[in-house]
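By convention here, the first residue in the shown sequence is residue 1.
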Amino acid sequence: MMEKTSEIIFDKLVYSCSFETYQGHEEFIPEHFLGFQLSGETHAFHDQGKTVIRKNTVVLVRKNQLIRTVKHPSRDKKYQFISINLDEETLRQYAMENKITTEAVFPHTQKMFFEPDDFLVGYFASLMPYVDRTKEVTPKLADLKIREAIELILQSNPDFKNLLFDFSEPHKIDLKEFMGKNFRFNVSTETFARLTGRSLSGFKRDFNKIFKMPPKQWLRERRLDEAYYLIRQKNKKPSDIYLDLGFENLSHFYYAFRQKFGITTSEV
């Protein structure tokens, strides 16, 4: 049996630990977070491709995106990742108190992970007593730890203020390009709508105009077309790809594949 844990130590501090390779489900990231790879590796798949977060790497993950992770334990069979959420309420309060304004749009291609300096190493070391339950945290102390993280991020790169303190709503983006990059993610239509800067009704209306079919039907067709390509051209096994293509179980994938193409995967 796969042994894994992911627990919330206090409201914004999350500690993940596992002892076998574990493929996580799609995650919608609603808030920025700062994370540290204590042991093992995290392989993160997103619309820009793949990012490998190795041991002793700090990563700042931007909000409002989709990520799928595969967690790989180290040689001593342990995976550990710790993260702290930078919630919007605290960021707004911090920006107001320090009279911070953004000057430019933070680029989506900007590298978001970096080697930790002594300050960041010390910061994450200071969180471990809460993980080990040797120290209790008060709401005031939790707030201070989040603010400390903000200070250290800005110290490492002042331009990060244009990311952290951008409180604008996601703008309406190119739907065709976005869905082409994100169709593999098995998330709700509501999440797709939010990420493309649309209401649910606006998303469905624009989607039908572009793709000439409802979102759920298009996603099923697009995922199956990709599966056919991977099996036929790349010699991939269905068991290796069905989760990556947004199917929840293998039997449903086999059924949908045969229904669309009239043949089984082994006949491709």
Side-chain angles (χ1 to χ4, degrees), residues 6-16 26-36 44 46-48 51 53 58-67 69 81-114 116-117 119-120 122-124 126-127 130-131 135-173 178 182 187-188 190-200 202-203:
S6 183
E7 58 177 321
I8 299 174
I9 309 303
F10 58 76
D11 189 26
K12 302 299 176 185
L13 178 64
V14 180
Y15 170 72
S16 297
E26 286 82 357
E27 294 180 64
F28 168 60
I29 309 299
E31 296 177 326
H32 304 302
F33 72 79
L34 185 69
F36 184 60
H46 43 83
D47 66 357
Q48 301 290 324
T51 299
I53 305 168
V58 173
V59 60
L60 176 61
V61 178
R62 68 165 72 232
K63 66 180 180 181
N64 291 335
Q65 66 168 312
L66 297 170
I67 291 180
T69 58
F81 185 85
I82 189 169
S83 63
I84 189 159
N85 289 348
L86 310 173
D87 64 287
E88 185 170 318
E89 183 181 351
T90 303
L91 288 168
R92 283 183 180 275
Q93 188 70 24
Y94 184 97
M96 184 179 69
E97 291 170 0
N98 293 279
K99 298 180 173 57
I100 295 175
T101 56
T102 56
E103 298 168 352
V105 176
F106 195 81
H108 275 270
T109 54
Q110 173 73 36
K111 185 178 178 182
M112 300 290 279
F113 58 99
F114 39 91
D117 57 24
F119 293 104
L120 285 165
Y123 173 75
F124 283 103
S126 76
L127 296 177
Y130 308 117
V131 173
K135 189 174 182 180
E136 291 298 317
V137 65
T138 63
K140 186 174 181 180
L141 188 54
D143 181 66
L144 285 171
K145 297 310 290 184
I146 296 171
R147 287 168 176 269
E148 184 181 354
I150 296 169
E151 290 277 357
L152 291 173
I153 291 168
L154 295 176
Q155 179 179 283
S156 71
N157 182 354
D159 287 342
F160 277 134
K161 75 173 187 177
N162 294 319
L163 172 74
L164 297 180
F165 306 115
D166 179 1
F167 304 117
S168 61
E169 289 296 314
H171 62 285
K172 198 171 182 179
I173 62 174
F178 177 86
N182 291 279
V187 295
S188 67
E190 287 83 359
T191 297
F192 280 131
R194 177 177 174 179
L195 289 171
T196 59
R198 292 165 170 83
S199 65
L200 181 58
F203 176 80

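Rounding to the nearest 0.5 angstrom, the gap separating the CZ atom in Arg62 from the CZ atom in Phe106 is 6.5 Å. Taken to the nearest 0.5 Å, the CG atom of Leu144 stands 7.5 Å off from the OG1 atom of Thr138. The line from NE2 of His32 to CD1 of Ile84 is 14.5 Å long, rounded to the nearest 0.5 Å. Atom CG in Asp47 sits 7.0 Å away from atom CZ in Phe178 (nearest 0.5 Å). One finds the OG1 atom of Thr90 at 4.5 Å from the CD1 atom of Ile146 (value rounded to the nearest 0.5 Å). From Glu31, atom CD reaches atom CG of Asn85 across 5.5 Å, with rounding to the nearest 0.5 Å.
For the pair Thr69/Phe81, no side-chain contact is recorded, criterion being any heavy-atom separation below 4.5 Å from C-beta on. Using a 4.5 Å heavy-atom cutoff, the side chains of Leu195 and Thr191 are in contact. The shortest side-chain heavy-atom distance between Tyr94 and Leu86 does not fall under the 4.5 Å cut-off. Considering only heavy atoms from C-beta on, Ile82 stays 4.5 Å or farther from Val14 through its side chain. Two residues are said to be in side-chain contact when any heavy atoms from C-beta on lie closer than 4.5 Å; Ile53 and Val58 fail this criterion.
Shortest non-hydrogen contact noted between Ser126 and Lys145 is OG-NZ, 2.8 Å. Annotation for Asn64 and Pro30: closest pair OD1-O, 4.3 Å, computed over non-hydrogen atoms. Residue Ala193 comes nearest to Thr196 through the heavy atom pair O-OG1, 3.0 Å, listed as atom of the first residue, atom of the second, then distance. Across every non-hydrogen atom of Ser83 and Phe33, the tightest pair is CB-CD1, 3.7 Å. Residues His46 and Thr51 come closest through the heavy atom pair NE2-OG1, 2.7 Å. Minimum heavy-atom separation, Phe192 to Leu66: CE2-CD1, 4.0 Å.
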Side chains of residues 159-166: which donor-acceptor pairs under 3.5 Å do they make with residues two or more places apart or in other chains?
{"from": "Lys161", "atom 1": "NZ", "to": "Glu103", "atom 2": "OE2", "distance (Å)": "2.9"}
{"from": "Asn162", "atom 1": "OD1", "to": "Glu103", "atom 2": "N", "distance (Å)": "2.8"}
{"from": "Asn162", "atom 1": "OD1", "to": "Ala104", "atom 2": "N", "distance (Å)": "3.4"}
{"from": "Asp166", "atom 1": "OD1", "to": "Ser168", "atom 2": "N", "distance (Å)": "3.1"}
{"from": "Asp166", "atom 1": "OD1", "to": "Ser168", "atom 2": "OG", "distance (Å)": "2.7"}

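In this structure Glu97 satisfies the salt bridge (Lys or Arg N to Asp or Glu O under 4.0 Å) test together with Arg147, sequence neighbours excluded. Scored by the side chain to side chain donor-acceptor pair (under 3.5 Å) test, Glu88 finds Arg92 as partners (sequence neighbours excluded).
A donor-acceptor contact shorter than 3.5 Å links the side chain of Arg198 to the backbone of Ile173.
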Stepwise side-chain contact (heavy atoms from CB on, under 4.5 Å) test for Phe28 and Arg194: CA-CA 10 Å; Phe28 168 60; Arg194 177 177 174 179; 3.4 Å; yes

